[in-house]
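For reference, the structure is listed below as structure tokens.
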Amino acid sequence: MAAPGENLRINGERLWTSLEDMARIGPGVAGGNNRQALTDEDAEGRALFQSWCEAAGLTMGLDEMGNMFARREGTDPEALPVYMGSHLDTQPTGGKYDGVLGVLGALEVMRSLNDLDIRTRRPIVAVNWTNEEGTRFAPAMLASGVFAGVHGRDWAYDRADAEGRRFGDELERIGWKGEEPVGQRRMHAMFELHIEQGPILEAEGRDIGVVTHGQGLRWIECTVTGKESHTGSTPMPMRRNAGRGMARITELVHEIAMAHQPDAVGAIGHVDVYPNSRNIIPGRVVFTVDFRSHRPEVLAAMLEAFEAKAPGLCEEIGVGLETEIVGQFDPPAFDETCVATVRRAAERLGYSHMDIVSGAGHDACWVNDVAPTAMIMCPCVDGLSHNEAEEITRDWAAAGTDVLFHAVLETAGIAG
Ligand code: HGY
Ligand code: MN
Ligand code: MN
């Protein structure tokens, strides 16, 4: 006997076409995307998303952080809406699906509700969160963090990119700074569909990841200071090479994460060397350490080990070290009711599924502070992400969006 609504499915072909159309904006150099936050390419992607939302009869709201909220009315306008969404901004060498699947999957749910002429009791809202990646403007999940009250709006406006351009000025420049006060919206619940960005679902042969928890994160910005001098004529004992400080800390970060396996990861992904000239010993190196774990005590232990050892490694070679935490959140546990709704939806639809912890950070991690939130994951090929070769299959995209559709429909309620 088919379960109620089991046959309700989204239009996978239309979803895939929209993903391909969006991927044409801000193309990378190797088949992926470079649509970084608050660039002209980001603005173009936003405009395309807005045009699709308007064509689907949705009403667009825009807040002071550029977060986009496309609303479909319910029969009870007073009921708190059900939200679903993710982010359209990408890494500089990003894939076509990280974040984008969650935003366009939400749009596909809206389009499918229209096709099926379904009225929900609660309004439903599709969201594009600004600057999830945090690659141009640290920290990651910046706008959802302001929405959740974690960061102040003006502090966020003052975040600057490598060229010193302010977030607030760039948001104004691309014309996507709204009037709506950020964070005033109240949500009944929020669901985020996202690719796993790891190898587990594919390796286990599962279509759906039911995300119960996320990893906590600490981003430590380090500045190692030595002395610029000639690489040819400066005797070795006289050198104060900031590059060696960065090398020693790179190895320390790896050792600390390995000492806490399997519940820890650590790496350095961003490095600026000054003056970055082939024949000048680096006088200053600025880089960001990225530690993560889903266990709070492991995250604390990694930080403690870093603080205990990193300064000495630099002192030994005559260079200075300054550190600053530029991004952090504790391991989130998602809302059990919403998580159970996701699991039930996967069951009803006949998709294989497993509970999973999210390795990456997501806007849902912050929204979880202010509203019942859960995530749905689909596999990605070889678990590869934050790489232009990121790939998913059409079936995985459709399965994830079907589960999003059912979870949102059940939570919003079908009007009689
Ligand atoms: O860093 C993260 O985990 C996310 O991709 N912004
Ligand atoms: Mn993402
Ligand atoms: Mn990402």
Side-chain angles (χ1 to χ4, degrees), residues 19 22-23 26 28 32-38 42 45 67 84-106 127-146 148 150-151 156 159 190-198 209 211 213-221 257 264-270 288-294 299 325-332 356-368 373 375-380 383-392 397 400 404:
L19 286 166
M22 181 59 73
N33 273 116
N34 179 5
R35 197 171 52 241
Q36 295 181 61
L38 309 191
D42 182 18
N67 296 315
M84 54 179 172
S86 191
H87 62 94
L88 291 174
D89 68 304
T90 74
Q91 288 284 333
T93 53
K96 296 180 284 195
Y97 310 103
D98 171 0
V100 185
L101 176 64
V103 178
L104 301 189
V127 190
N128 170 34
W129 297 105
T130 303
N131 190 44
E132 188 279 340
E133 291 295 357
T135 181
R136 184 182 173 201
F137 299 99
M141 296 98 79
L142 181 60
S144 51
V146 175
V150 173
H151 310 304
R159 308 302 291 160
M190 192 193 75
F191 294 91
E192 179 168 3
L193 166 63
H194 205 288
I195 64 172
E196 179 198 343
Q197 300 184 291
V211 187
H213 298 76
Q215 286 201 114
L217 164 150
R218 293 292 182 274
W219 277 2
I220 310 162
E221 185 168 281
V265 290
I268 292 171
H270 145 255
T288 307
V289 174
D290 180 327
F291 278 132
R292 308 198 192 195
S293 174
H294 67 279
L299 206 49
I325 298 274
V326 293
Q328 59 179 327
F329 59 86
D330 293 331
I356 193 169
V357 172
S358 171
H362 302 284
D363 294 306
C365 297
W366 281 140
V367 178
N368 188 53
T373 301
M375 291 191 72
I376 302 154
M377 284 193 166
C378 78
C380 48
L384 190 62
S385 183
H386 284 197
N387 183 308
E388 291 205 46
E390 177 187 279
E391 271 307 333
I392 60 173
L404 177 69

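Note that ligands are numbered from 1 as they come in the structure, with each ligand's atoms numbered from 1 the same way.
Of all protein atoms, those of element N, O or S that lie under 2.8 Å from the Mn ion (ligand 3) number 4.
Residue-ligand proximity, Ala140 to ligand 1, at heavy-atom distances under 4.0 Å covers atoms 6 (N). Near His386, meaning under 4.0 Å from one of its heavy atoms, ligand 1 places the atoms 5 (O). Close contacts between ligand 1 and Glu133 involve ligand atoms 5 (O), 6 (N) [criterion: under 4.0 Å to a heavy atom].
Among the backbone and side-chain atoms of His194, an N, O or S atom lies under 2.8 Å from the Mn ion (ligand 2).
With sequence neighbours left out, the side-chain hydrogen bond (donor to acceptor under 3.5 Å, both in side chains) criterion links Ser293 to no other residue.
Looking at Arg292 next to ligand 1, an N or O pair under 3.5 Å apart turns up. For ligand 1, the polar-atom distance check against Gly361 finds a nitrogen or oxygen pair separated by under 3.5 Å.
The closest side-chain heavy-atom distance from Ile392 to Cys380 is below 4.5 Å. Side-chain contact check for His194 versus Ser86: some heavy-atom pair is nearer than 4.5 Å.
Heavy atoms from both the backbone and the side chain of Ala360 come within less than 4.0 Å of ligand 1. Residue contacts with ligand 1 for Glu132 involve both N, CA, C or O and side-chain atoms from C-beta outward (heavy atoms, distance under 4.0 Å).
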